[in-house]
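All remarks here apply to the structure that follows.
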Protein chains: 2
Amino acid sequence: MEPVPMLLAMTYRAMGDQFHDRLRQIGLEPLRPAHGYVFRFLKEKRATTVDIGQHLGVTKQAAAKIVNELDDWGYVLREPHPTDKRAQYVTLTTKGRDYLKFADNLWADLEGEMAEAIGEDTLATIRRGLAAYLQHVHGEDQPGLRPVW
Amino acid sequence: MEPVPMLLAMTYRAMGDQFHDRLRQIGLEPLRPAHGYVFRFLKEKRATTVDIGQHLGVTKQAAAKIVNELDDWGYVLREPHPTDKRAQYVTLTTKGRDYLKFADNLWADLEGEMAEAIGEDTLATIRRGLAAYLQHVHGEDQPGLRPVW
DNA sequence: AGAATAAGGTCAACCAGGTTGTCTACCTGA
DNA sequence: TCAGGTAGACAACCTGGTTGACCTTATTCT
């Protein structure tokens with residue numbers, strides 16, 4: 001019996017590969033999963049580079065590199081923190097929000113195909129089950145997103 | 001609604017972190033997930049370095065590095081291929097099999113805790129659902145194990 | 001208030017774990 | 001038999017992370 005993590009890794013990769021393939025047909029910048037997760041994070045809340053690093057599960061220096069790329073490509077911009085002169089808020093530009101919308105549609109398509117393959121209810125159970133496990137293990141502060149290889 | 005891949009990545013990491021933590025308390029070599037997956041693969045079938053690379057989803061050169069490490073640590077050894085003079089079979093040593101047994105127990109513990117947290121049946125559904133999806137997407141030839149970040 | 005400590009951001013050096021490219025020895029099919 | 005493909009080793013390189021030092025600003029403690 002295969003360990004669950006193998007299934008998780010394989011499924012993650014399978015979905016990611018499909019996403020990436022379809023994205024490449026559009027011909028956008030070489031966005032990696034990390035970039036997408038940053039968009040999604042920034043949609044929810046105002047965040048600094050340090051926040052982003054923590055969310056991704058990498059150091060602040062690594063997060064800074066990612067933010068720099070997104071900045072260069074025009075997906076985000078930095079604005080001064082209102083009260084803390086050291087800090088900067090990273091915020092989505094219109095281009096960033098557009099990308100996120102596009103990606104969300106693509107994910108929805110992929111999940112739709114998944115639901116069709118394994119059943120709507122099974123997918124829902126997977127979703128709830130994993131979320132519950134994460135809740136159980138980590139409480140409110142979620143683990144990093146980066147899969148450690 | 002969070003995309004499923006985020007849940008997969010987070011769960012994979014959460015489980016992997018726990019596994020790694022407990023493993024470190026024992027004080028073994030710094031084995032990474034890839035090493036474990038190689039053990040498991042070698043238990044099933046005789047395999048060459050190229051086979052291993054394909055299974056992991058990396059190039060044969062990357063696989064060769066991993067095999068070298070395992071060889072240095074005494075977990076595997078290479079023996080000549082019976083018919084193909086170019087090739088070598090990589091096989092588990094006793095130490096390798098012992099590790100695998102130990103790791104399996106540890107995984108079983110972790111999955112037991114997971115089952116306790118989210119329910120036996122939910123875990124079973126997750127397992128079946130993911131396996132079915134992989135089957136649907138890739139047919140018999142499974143995708144690489146390495147999560148692409 | 002002032003000193004010690006912590007935190008955000010940046011720079012630079014380094015490293016791990018991959019990749020691509022090349023070469024040799026061997027295998028296989030027309 | 002010979003053309004093309006494959007296993008494996010070696011080397012150069014790249015990417016995406018880490019560690020460590022530093023400056024500046026915040027916060028906490030006395």
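First the proteins, then the strands, lettered A, B, ... as listed; each starts at 1.
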Where at least one partner belongs to residues 55-74 of chain B, residue pairs that pass ring-ring contact (aromatic ring centres under 6.0 Å, His included), sequence neighbours excluded: B/His35-B/Trp73, B/Phe41-B/His55
Of all pairs that satisfy salt bridge (charged side-chain N to carboxylate O under 4.0 Å, His left out), the ones with a partner from residues 113-123 of chain A, not counting sequence neighbours: A/Arg22-A/Glu113
Nucleic acid contacts of residues 8-17 of chain A, taken as heavy-atom distances under 4.0 Å to DNA chain C: none
Using atom names, set out every protein N or O paired with an N or O of nucleotides 24-30 of chain C below 3.5 Å, distance rounded to 0.1 Å.
from	atom 1	to	atom 2	distance (Å)
C/dC27	OP1	B/Thr83	O	3.3
C/dC27	OP1	B/Lys85	N	2.7

Pair listing, ring-ring contact (aromatic ring centres under 6.0 Å, His included) test, anchored in residues 118-144 of chain A, at least two apart: none
Rounded interatomic separation in angstrom, taking CD from A/Glu79 and P from C/dG9: 13 Å
Pairs where residues 46-57 of chain B contributes a residue and the test salt bridge (charged side-chain N to carboxylate O under 4.0 Å, His left out) is met, not counting sequence neighbours: B/Arg46-B/Glu79
Partners passing side chain to side chain contact (heavy atoms under 4.5 Å, CB included) against B/Gln54 (at least two apart in sequence or in another chain): none
Short side-chain N/O contact to C/dG17 OP1/OP2 from B/Arg32, under 4.0 Å: yes
Estimated bend of the helix from C/dA1-D/dT30 to C/dA30-D/dT1 (axis per five terminal pairs, rounded to 10 degrees): 30°
Close approaches to DNA chain D from residues 52-73 of chain B, in residue order (heavy atom, under 4.0 Å): B/Lys60, B/Gln61
Spacing between B/His35 atom NE2 and C/dG18 atom C1', to the nearest angstrom: 13 Å
Side chain to side chain contact (heavy atoms under 4.5 Å, CB included) involving B/Arg86 - partner list, sequence neighbours excluded: B/Asp84
ring-ring contact (aromatic ring centres under 6.0 Å, His included) against A/His81, all qualifying residues, sequence neighbours excluded: A/Tyr89
Of all pairs that satisfy ring-ring contact (aromatic ring centres under 6.0 Å, His included), the ones with a partner from residues 103-130 of chain A, not counting sequence neighbours: A/Phe19-A/Trp107
Non-hydrogen side-chain atoms of A/Ile66 and A/Ile52 separated by less than 4.5 Å: no
Presence of A/Trp149 side-chain N/O under 4.0 Å of C/dG17 phosphate oxygens OP1/OP2: no
Pair B/Tyr99, B/Glu29: side-chain N/O donor-acceptor within cut-off below 3.5 Å: no
